[in-house]
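On a predicted model such as this, the values are computed, not experimentally measured, just so you know. Values reported hereafter were calculated over all heavy atoms of this structure, with side chains retained and with hydrogens, waters and symmetry mates removed. Each chain gets a letter, A, B and so on, in the order its sequence line appears, and its residues count up from 1.
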Amino acid sequence: MSRIKIVNLLKSESPIDNVTIKGWIRTKRDSKTFSFLEINDGSCLRNIQVVVDETISNYEEIKKLTTGSAISVTGRLIASQGKGQSWEITAETVEMIHLAPESFPLQKKRHSDEFLRSIAHLRPRTNKYGAVFRIRSEMAYAVHQFFREREFRYIHTPILTGSDCEGAGEMFRVTTLGPGQTDYENDFFGKEANLTVSGQLEVEMFALSLGDVYTFGPTFRAENSNTSRHASEFWMIEPEMAFCDLSGNMDLGEEMIKFLVQFLFDNCAEDLNLFARFVDKSLMASLQNVLENKFERLLYKDAIAILEKCGENFEFPVSYGMDMQSEHERFLAEKHFKKPLIVYNFPKTIKPFYMRVNDDNETVASMDILVPRIGEIIGGSQREERLDILTARMQKTQMEKEDYWWYLESRVFGSVPHSGFGLGFERLIMMVTGITNIRDVIAFPRTPKNIDF
RNA sequence: UCCCCGGUAGCUCAAUUGGCAGAGCGGAUGGCUGUUAACCAUUAGGUUGUAGGUUCAAGUCCUACCCGGGGAGCCA
């Protein structure tokens, strides 16, 4: 008999005579003549309670079952006689699929996130991490639905790149050369190769072909950053739109974040509730805040003016021309506006070469979306479509034009205004779960000095 | 990479001024009335992160290193 997933079983509106479930024992309570087993199969947060009477043929074996063991249960789904659950299964046969030794490290009580990180291969068997990764899966699906409804095409940009700079961060070298060898002309690709830090340059080529496109894939940064918001390998969503200016770009970013939060409410209610109860008591209010408020849009120079006048005692003094520090972003989002905001038109000196220079020749058409508690969740811009200005800016940052000949040719043949942004997928998951460490929203986190599992 | 805090049983933590290394949970064994982090009893479990130093005596003080956390920079 094929198994039924617990998520579907618990939706039942009437008793069922013959059901089979398969899963892992979360906990077991023995009485003199029978045992209660709590079974979870990962299909949802909740367990199903199984009642096993001593009259069952292999009851001696059942009594020895341990937390973490895998079993198959066939029996009758009936209304529970006890409190705390509406359904339970009266077991007719229980098959032990695998007995976990008593050294199984997950206990019934709460574990610290730090400890669970050290057993990342087992932590999805906990309530909290099971919920994280179900939500992560739903959010990934929602991203594709959002774009598909708007006729965006999903482009798979390469993971391996021949560029040694894409305007964002240090890169991981990819080589088949032996230790100490640096003759890259003899290397696999005949030149230096790296892992991508962004699919943007490549996806721009498809925006200038298919119109509205996006990438959604892994991204690698070799920065030695040790924070709760950075990982060496993370997933990024990068839409890119032809014939779109900065204003349309901001519209898409705001619309997308709101769509994803609404999708979460509609499809992840049970898992979301765990985070609202146990991880962040203010989670629901802050997600409602994101959903219901128009994101404040203000010029970089106005943001600086607010920071200069606010009287807050910042560690880093505020002045026009500087990049905003975390404390400044947090003040604006959490204290001043108390809702998400979009800061745009930053000075060109602090932004990368591909951002479009504004008519003032001082600023670029860039935008950062900042949300309370998370900080920057989206960074984007209108791209520089004018060949002469683009090449001049590349020269200033000492980039090799020859390496980007293909990128520059897109500004030779039918160049058009276009815009896009990057959204950090893990930061999105942090936002919607209230989890404060990026290592806890990605299956097997890679950070400096950490690539176990 | 920089600043701050921490590392004691499988887990979460305690240990007074430098003076016998402990508890709860988990495990094992037994008991038990339909239990819900079940309950009751018994019991095992330790190179106090590593290496060195000070001292009659170090979990506790000093030095170096390793690992973890928080913050900063960089960014998504």
>> Checking base pairs now: Watson-Crick or wobble, both atom distances under 3.5 Å. What partners B:rG68?
In response: B:rC5

Please write out each protein N/O paired with an N/O of nucleotides 42-50 of chain B under 3.5 Å, distance rounded to 0.1 Å.
none

> Side-chain N or O of A:Ser228 less than 4.0 angstrom from OP1 or OP2 on B:rG71?
Replying inline: yes

>> By the 4.0 Å heavy-atom rule, please label A:Glu102 as base, sugar-phosphate, or nothing.
In response: sugar-phosphate

>> Donor-acceptor pair, distance only, cut-off 3.5 Å: does the side chain of A:Asn293 make one with the backbone of A:Phe295?
In response: no

> Considering only the P atoms, how many Å lie between B:rA37 and B:rG73, rounded to the nearest integer?
Replying inline: 43 Å

> Does a donor on one side chain sit under 3.5 Å from an acceptor on the other, for A:Thr363 and A:Tyr344?
Replying inline: no

> When the distance from CE of A:Met430 to C1' of B:rC75 is rounded to whole Å, what number comes out?
Replying inline: 13 Å

>> Are the side chains of A:Thr436 and A:Ser228 in contact, using a 4.5 Å heavy-atom criterion?
In response: no

>> What's the gap between B:rC61 and B:rG19 when it is taken at their C1' atoms, as a whole Å value?
In response: 14 Å

> Is the shortest side-chain N/O distance from A:Thr227 to OP1 or OP2 of B:rG71 below 4.0 Å?
Replying inline: no

> Would you say A:Phe34 stacks on B:rG34, if stacking means ring centres under 5.5 Å apart and planes within less than 30 degrees?
Replying inline: no

> Is A:Asp452 paired with A:Arg117 through a side-chain N to carboxylate O contact shorter than 4.0 Å?
Replying inline: no

>> Using the P atom as the point on both nucleotides, what is the distance between B:rG52 and B:rA41, in whole Å?
In response: 45 Å

>> Applying side chain to side chain contact (heavy atoms under 4.5 Å, CB included) to A:Arg427 and A:His230, what does each step give before you reach the verdict?
In response: CA-CA 9 Å; A:Arg427 289 189 184 173; A:His230 292 86; 3.5 Å; yes

>> When you compare the side chains of A:Ser31 and A:Arg29, does any donor N or O come within less than 3.5 Å of an acceptor on the partner?
In response: no

> If you take atom types as modelled and just measure distance, does the side chain of A:Gln85 reach the base of B:rU35 with a donor-acceptor pair under 3.5 Å?
Replying inline: yes

> CZ of A:Phe220 versus C1' of B:rC75: gap in Å, rounded?
Replying inline: 17 Å

> With the threshold set at 4.0 Å, does a side-chain nitrogen-carboxylate oxygen contact exist between A:Lys128 and A:Asp440?
Replying inline: no

>> Under a plain distance cut-off of 3.5 Å, with no hydrogens placed, do A:Thr161 and A:Asn194 share a side-chain donor-acceptor pair?
In response: no

> What distance, rounded to whole Å, do you find between the two C1' atoms, one in B:rG49 and one in B:rG69?
Replying inline: 15 Å

>> Classify A:Arg26 by what it touches in the nucleic acid, base, sugar-phosphate, or nothing, heavy-atom distance under 4.0 Å.
In response: nothing

> Does B:rC39 pair with anything, Watson-Crick or G-U wobble, both distances under 3.5 Å, and if so, with which nucleotide?
Replying inline: B:rG31

> Just checking A:Glu88: base, sugar-phosphate only, or nothing, at a heavy-atom cut-off of under 4.0 Å?
Replying inline: base

>> Does B:rU36 have OP1 or OP2 under 4.0 Å away from a side-chain N or O of A:Thr27?
In response: no

> So does A:Asn226 reach the base of B:rU1 with its side chain, donor to acceptor, closer than 3.5 Å?
Replying inline: yes

>> Below 30° counts as parallel, above 60° as perpendicular, anything between as tilted: where do the rings of A:Phe353 and A:Tyr407 land?
In response: perpendicular

>> Let's test this: given Watson-Crick or G-U wobble pairing with both distances under 3.5 Å, identify the partner of B:rA51.
In response: B:rU63

> Could you give the CE-to-P distance, from A:Met236 to B:rA76, as a whole number of Å?
Replying inline: 7 Å

>> Taking only the P atom of each, what is the distance from B:rG59 to B:rU48 in whole angstrom?
In response: 7 Å

>> Just the rounded figure in Å: distance from P of B:rC66 to CG of A:Asn450.
In response: 16 Å

> Of A:Glu202, A:Gln200, A:Glu204, A:Glu238, which meets side-chain contact (heavy atoms from CB on, under 4.5 Å) against A:Thr157?
Replying inline: A:Glu202

>> Base, sugar-phosphate or nothing for A:Phe316? Non-hydrogen atoms, less than 4.0 Å.
In response: sugar-phosphate

> Which is true for A:Gly82 with a 4.0 Å heavy-atom rule: it touches a base, it touches only sugar-phosphate, or it touches nothing?
Replying inline: base

> Are a donor atom and an acceptor atom from the side chains of A:Asp368 and A:Tyr300 found within less than 3.5 Å of each other?
Replying inline: no

>> Check the phosphate of B:rC32 against A:Lys32, side-chain N and O only, distance under 4.0 Å to OP1 or OP2. Yes or no?
In response: yes

>> Checking A:Asn358 against A:Asn345: is there a side-chain donor and acceptor pair closer than 3.5 Å?
In response: yes

> With a non-hydrogen cut-off below 4.0 angstrom, is A:Glu426 in contact with a base, only sugar-phosphate, or nothing?
Replying inline: nothing

> Which residues, if any, of residues 435-447 of chain A bring a heavy atom under 4.0 Å of RNA chain B?
Replying inline: A:Asn437, A:Ile438, A:Arg439

>> Return whichever of A:Ser326 or A:Leu423 has its heavy-atom-nearest nucleotide of RNA chain B closer to the 5' end.
In response: A:Ser326

> NZ of A:Lys449 versus C1' of B:rU1: gap in Å, rounded?
Replying inline: 11 Å

> A:Arg29 CZ to B:rU33 P: how many Å, rounded?
Replying inline: 17 Å

>> Evaluate A:His336 against A:Glu296 for side chain to side chain contact (heavy atoms under 4.5 Å, CB included), listing each step before the verdict.
In response: CA-CA 11 Å; A:His336 189 81; A:Glu296 189 72 29; over 6 Å; no

> Under 30°, 30 to 60°, or over 60°: which ring-plane class applies to A:Tyr214 and A:Tyr154, parallel, tilted or perpendicular?
Replying inline: parallel

> Do A:Ser366 and A:Lys351 meet the criterion of a side-chain donor-acceptor pair at a distance under 3.5 Å?
Replying inline: no

> Closer than 4.0 Å, any side-chain N/O of A:Arg117 to the OP1 or OP2 of B:rG69?
Replying inline: yes

>> Over all strands shown, is A:Leu428 touching base, sugar-phosphate only, or nothing at heavy-atom distances under 4.0 angstrom?
In response: nothing

>> Under 4.0 Å, heavy atoms only, any strand: does A:Ser118 hit a base, just the sugar-phosphate, or nothing?
In response: nothing

> Does the side chain of A:Arg330 get closer than 4.0 angstrom to OP1 or OP2 of B:rA72 through an N or O atom?
Replying inline: yes

>> Need the pair for B:rG22. Rule: Watson-Crick or G-U wobble, both distances under 3.5 Å, any strand; none if unpaired.
In response: B:rC13

> Rounding to the closest angstrom, what is the interatomic distance between B:rU36 and B:rA58 at atom P?
Replying inline: 48 Å

> Tell me: CD of A:Gln325 to P of B:rG71, nearest whole Å?
Replying inline: 16 Å

>> Between A:Pro448 and A:Asn224, which residue's closest nucleotide on RNA chain B lies nearer the 5′ terminus?
In response: A:Asn224

> Taking protein heavy atoms under 4.0 Å as touching, what does nucleotides 8-15 of chain B look like 5' to 3' if B marks base contact, S marks sugar-phosphate-only contact and - marks none?
Replying inline: --BBS---

> Can you check the A:Leu37 CG to B:rA38 P distance for me, whole Å?
Replying inline: 12 Å

> Which whole number of Å gives the distance between the C1' atom of B:rG6 and that of B:rC32?
Replying inline: 43 Å

> Distance between the C1' atoms of B:rU33 and B:rA15, in whole angstroms?
Replying inline: 41 Å

> With distance as the sole test, does A:Glu308 use its side chain to make a donor-acceptor pair with the main-chain N or O of A:Ser319 at under 3.5 Å?
Replying inline: no

>> At 4.0 Å (heavy atoms only), tell me whether A:Ser103 reaches a base, stays on the sugar-phosphate, or touches nothing.
In response: nothing

